[in-house]
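See below for the structure under consideration.
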Number of protein chains: 2
Amino acid sequence: MKISELAKQSSVPAPTIKYYIREGLLPEGTRTAPTQAEYDESHMRRLRVIRALIESGVSIAETRRMVETLDDPPAQPHLLLGAAHAAVTPPVDETLDLTAAARLAAGLGWEPEKCDDAVLCGVARALQGLEKAGFSVPDEVMPVYLESIRRIADAEIAGVPTDSVESAVSYVVLGSVLAEPLLLALRRVAQQVSSAERFSGPAS
Amino acid sequence: MKISELAKQSSVPAPTIKYYIREGLLPEGTRTAPTQAEYDESHMRRLRVIRALIESGVSIAETRRMVETLDDPPAQPHLLLGAAHAAVTPPVDETLDLTAAARLAAGLGWEPEKCDDAVLCGVARALQGLEKAGFSVPDEVMPVYLESIRRIADAEIAGVPTDSVESAVSYVVLGSVLAEPLLLALRRVAQQVSSAERFSGPAS
DNA sequence: CTATAATGGATAGCGATACTATCTAAGTCA
DNA sequence: TGACTTAGATAGTATCGCTATCCATTATAG
């Protein structure tokens, strides 16, 4: 398969494919001559993953780290999630106060060393954002967040496929990011349903 | 309070504040002369909301729609959430197939007319993204998503403050967007905790 | 076996976004 | 009076994710 055919089948323009190769998102084709290369199904699949990530709002740099993790995952399973999260998480901010985040995380079963600091920083940043806007999660709501999120994460981790290493890696790495838009979209639907039920519209 | 003081107290540069006024995110100060204006606490609060939204990844245009909703909310409470969601949701895509999304939404208690199409389109887009990447949510996981998300939404809607209209509006509008980073960050922590418990690290 | 077209590689340009800098005329304040 | 600030306008900047154009090389159709 030449680049033009890859472009047509994926409906990604050929110059964009070249760009992804330049940026290290997509491996080069196998060279058949100094100015010729051949692409195969693996390029097709990888290209679809790249597009899905980019369309989910993942940047080029983050996507590169994601596919590097897919291609070269850590040997131990307990390091895989951390690697996937590291690909899409800004580096730790030392100036951030992690105490509130740690207190929250404790409600998820967190203990130091069970989870890396970068991810905890994410919680701290989110809390800071809420606080700066003068918004606070009600005391009755936060426990529900923790409990429900924990339930979601448990189901996701329990669902890690065991048939092959590759499928487990792909599930963990892609699922940690690609499921986010789905969860947020489902939340909006659920909010509207719940709101409709509570404020049962007098309509007209 | 003059613009320079507003800038100093909010640590947002004065030119940026001018830019927000130009873009309609922040109302003008009250004019004391043709080239002078006075800002007050309401500008300060609004500015903090704007920064929180923008730092959560909301664009200028979406932020403008959000603050317009805050300033001029729909009269009926059951329309408020829809207005808030509309501010940050792309317009409905007619070419999208909503059947899979509707089936999922049914698991949240959705019925036609309980929730607008734009939000359902969001679910459809998310599903499409997953599918294009060759990723699928395991059959055991999806029900947990639906159940847990519904629980979250119910708690959030039950937590709508009833003391004043303004606080209800601010809670619903800001909460629908600003809580997203928190939920995603908590999910990452929970995933790492759950993963650590399942693949209890044999370490080195 | 030449003419046309496509390829890989490199470089430069584009359009959108979120600012940022500069200028001017008008106004404040010591 | 005179240094400083302001609003408003315009233009410039940095980043991002492409996109367009070039070139020498190479497949391929007639």
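Values below: every heavy atom of this structure, side chains too, minus hydrogens, waters and symmetry copies. Just so it is clear: chains get the letters A, B, ... in the order the sequence lines come, proteins before strands, and each one is counted from 1.
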Is it true that, when you exclude A/Asp139 itself, more than 12 heavy atoms of the residues, nucleotides or ligands shown sit nearer than 6.0 Å to its CG? no
Length of the line joining B/Leu53:CG and C/dA18:C1', which is rounded to integer Å: 15 Å
Could you give the CD1-to-P distance, from A/Ile50 to D/dC16, as a whole number of Å? 18 Å
So, does B/Thr16 get its side chain near the phosphate of C/dT20, meaning an N or O under 4.0 Å from OP1 or OP2? yes
Of the options C/dT7, C/dC19, C/dA21, whose atoms approach the side-chain atoms of A/Lys2 most closely? C/dT7
Using atom CD of B/Glu38 as one end and atom P of C/dG27 as the other, report the distance to the nearest whole Å. 16 Å
Just checking A/Ile21: base, sugar-phosphate only, or nothing, at a heavy-atom cut-off of under 4.0 Å? nothing
Ignoring backbone atoms, test whether B/Tyr39 places a side-chain nitrogen or oxygen under 4.0 Å from the OP1 or OP2 oxygen of D/dA7. yes
B/Ile17 CD1 - C/dA18 P separation (whole Å): 17 Å
Classify the side chain of A/Arg22 and the base of D/dT19 as holding, or not holding, a donor-acceptor pair under 3.5 Å. yes
Rounded to whole Å, CG of B/Leu25 lies from P of C/dT17 at a distance of 13 Å
Please report, rounded to the nearest Å, how far the P atom of D/dG17 is from the CG atom of A/Leu26. 16 Å
Go through B/Gln192 and A/Trp110 one step at a time and tell me if the side chain to side chain contact (heavy atoms under 4.5 Å, CB included) criterion holds. CA-CA 9 Å; B/Gln192 291 206 3; A/Trp110 171 86; over 6 Å; no
For the backbone of A/Pro34 and the side chain of A/Arg31, can you confirm whether one donor and one acceptor N or O come within less than 3.5 Å of each other? yes
Is it true that A/Glu23 and A/Arg64 have a side-chain N and a carboxylate O under 4.0 angstrom from each other? yes
State which of D/dG8, C/dT28, D/dT25 makes the closest approach to the side chain of A/Pro34. D/dT25
Nucleotide nearest A/Thr32 when distance is taken to its side chain, options C/dT7, C/dT20, D/dA27: D/dA27
Testing C/dT28, D/dA7, D/dT26 for proximity to the side chain of B/Lys18, the answer is D/dA7
Worked check of side chain to side chain contact (heavy atoms under 4.5 Å, CB included) between A/Ile157 and A/Val172: CA-CA 8 Å; A/Ile157 297 301; A/Val172 169; 5.8 Å; no
Distance below 4.0 Å between A/Tyr20 side-chain N/O and D/dC18 OP1 or OP2: yes
Side chain of A/His85, backbone of A/Leu80: donor and acceptor closer than 3.5 Å? no
Compare the minimum distances between each of D/dT5, C/dG8, C/dA26 and the side chain of A/Ile3, then state the nucleotide with the smallest one. C/dG8
Can you tell me how far C1' of D/dT10 sits from CD of B/Glu23, to the nearest Å? 14 Å
Counting side-chain heavy atoms from CB outward, which of D/dG17, D/dT5, D/dA27 is closest to A/Ser59? D/dG17
By nearest-nucleotide position on DNA chain C, the 5'-leaning member of B/Ala61 and A/Arg31 is A/Arg31
Look at the side-chain N and O atoms of A/Ser4 and state whether any lies under 4.0 Å from the OP1 or OP2 oxygen of C/dT7. yes
Measure CD/A/Gln36 against P/D/dT25 and give the value in whole Å, please. 13 Å
Categorize A/Pro15 for me: base, sugar-phosphate, or nothing, with a 4.0 angstrom heavy-atom threshold over every strand shown. base
Between A/Thr35 and A/Pro13, which has a closest nucleotide on DNA chain D that is more 5'? A/Pro13
Where the side chain of A/Tyr19 is defined as all heavy atoms beyond and including C-beta, which of C/dG8, D/dG17, D/dT6 is the nearest nucleotide? D/dG17
